[in-house]
Protein chains: 2
Amino acid sequence: MILSENLSIYLQIAERICDEILDNVYPPGERIPSIREYAAMVEVNANTVVRSYEWLQRLEIIYNKRGLGYFVAPDGKHRIREMRREQFFRDELPKFFSRLYTLDIDVSEIEKQYAEYLKKKSGVLELNPPTDTIV
Amino acid sequence: MILSENLSIYLQIAERICDEILDNVYPPGERIPSIREYAAMVEVNANTVVRSYEWLQRLEIIYNKRGLGYFVAPDGKHRIREMRREQFFRDELPKFFSRLYTLDIDVSEIEKQYAEYLKKKSGVLELNPPTDTIV
DNA sequence: TTATGTGTATTAGTTTAATAGTACACCGCA
DNA sequence: TGCGGTGTACTATTAAACTAATACACATAA
């Protein structure tokens, strides 16, 4: 049985950190929380966060300065976006199309609901503008 | 840390069986392979398939006849479709929209690619028509 | 220099899904 | 009746991820 890799905790944490980097919670070049800090934040063992950071370092999204901590790579945001874009078209979109087909859902319905989604989003954005447009 | 439930093997098998039921590999009212048979097919321990079948029985997609085996419920296909439809609009679509937004992908691009998807699909279907339209 | 906070490394323990193997009761059929 | 195929139940084991705790070298600042 070929089983789909289930997302382990350390990868879920890595995903979360990527989200935060995209949201400019941790801007490019700046330091992210220490392993122990982040472990406390997400209520997880430090060793688990170690794996998350090692993983993100391998992807060159963050890098390490000995004795100081981990920092967001200058092009970290770009790397994340490119990786996710690739993943989206390769993995997620085919699954999505398959769902549309077997459930017999019309694309116009999706289009319509996405318009509503954008509308709500813009409403929220007026109150909470993205931090990198404020700077 | 609130972790997303990763799909365990027995649930992946249940999903696979649902796919097969939708594809009329196991038509409504008919028998599905025995636990030991299916375990051998997917190369997995029998206990794992036991859990899959128990799960699908709880969802009233299959039912049991003592000493005989498991059978597809008369409205099994309908149940699967309804469940997946609900799951799609509740879980998958919001995630999909979020991806579209953060990756700045236009819906027209999706629409275009889906048209191609349907085109390929129809090509395949001419060679492999769905079994329930043959009957 | 010393103290404190970094990451790193190591060892041991816990948890849970999946595996392995066995035994048993029910059903249909010969 | 008995045989072979069902599901069911149970115990024990394995494997992998996560947890727990500790020790240590490096960097900064008091």
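Residue numbers start from 1 in every chain, and the chains themselves are labelled A, B, ... in the order their sequence lines are given, proteins ahead of strands. Since the structure is predicted, the reported quantities are computational estimates derived from the model, not experimental observations.
Among the nucleotides C/dT6, C/dT8, C/dA17, the one closest to any side-chain atom of A/V50 is C/dT8. Picking from D/dT19, C/dG7, C/dG21 the nucleotide with the shortest atom distance to the side chain of A/S34 gives C/dG7. For B/R51, taking side-chain heavy atoms from C-beta onward, the closest of the listed nucleotides D/dC18, C/dG7, C/dA18 is C/dA18.
Ring pair A/Y114/B/F97 is tilted by interplanar angle, where 30° to 60° counts as tilted. The aromatic rings of A/Y117 and B/Y101 stand perpendicular to each other, their planes meeting at an angle above 60°, with 30° marking the opposite boundary.
B/E37 comes within 4.0 angstrom of the backbone, heavy atoms only, and of no base. Nucleic acid contact class of A/N64 (heavy atoms, under 4.0 Å, all strands): sugar-phosphate only. At a threshold of 4.0 angstrom between heavy atoms, the contacts of B/E54 with the nucleic acid are absent.
Listed pair B/Y70 / D/dT8 meets the phosphate criterion, a side-chain N or O lying under 4.0 Å from OP1 or OP2. Checking the phosphate oxygens (OP1, OP2) of D/dT28, no side-chain nitrogen or oxygen of A/R66 falls inside 4.0 Å.
The OH-P distance, from A/Y10 to D/dA17, rounds to 8 Å in whole Å. The separation between A/Y63 atom OH and C/dT6 atom C1' is 15 Å, rounded to whole Å. Taking atom OH of A/Y53 as the reference point, atom P of C/dG7 lies 7 Å away to the nearest angstrom. Put simply, CH2 on A/W55 is 13 Å from P on D/dA17, counting in whole angstrom units. Distance A/I35 CD1 to D/dA23 P: 19 Å, rounded to the nearest Å. D/dT19 atom C1' lies 12 Å from atom CD1 of A/I13, rounded to whole Å. In this structure, CD1 of B/I9 is placed 13 Å from C1' of C/dT16, rounded to the nearest angstrom. For A/K65 and D/dA25, the NZ to C1' distance is 19 Å, given to the nearest whole Å.
Nucleotides of DNA chain C nearest to A/G67 and B/A46 differ in position, and the one nearer the 5' end is that of A/G67. Along DNA chain D, the nucleotide nearest A/T48 and the nucleotide nearest A/L68 are compared for position; the residue whose nucleotide lies closer to the 5' end is A/T48.
With hydrogens and angles ignored, a donor-acceptor pair closer than 3.5 Å exists between the side chain of B/R36 and the base of D/dG7.
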- Task: Under the salt bridge (Lys or Arg N to Asp or Glu O under 4.0 Å) rule, what do B/K112 and B/D106 come out as? Steps first, then yes or no, please.
- Result: CA-CA 10 Å; B/K112 185 182 139 202; B/D106 202 296; over 6 Å; no

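Put simply, the side chain of B/C18 reaches to within 4.5 Å of the side chain of B/L56, judged on heavy atoms.
A/E116 has no carboxylate O lying under 4.0 Å from a charged side-chain N of A/K120, or vice versa, which leaves the two without a salt bridge.
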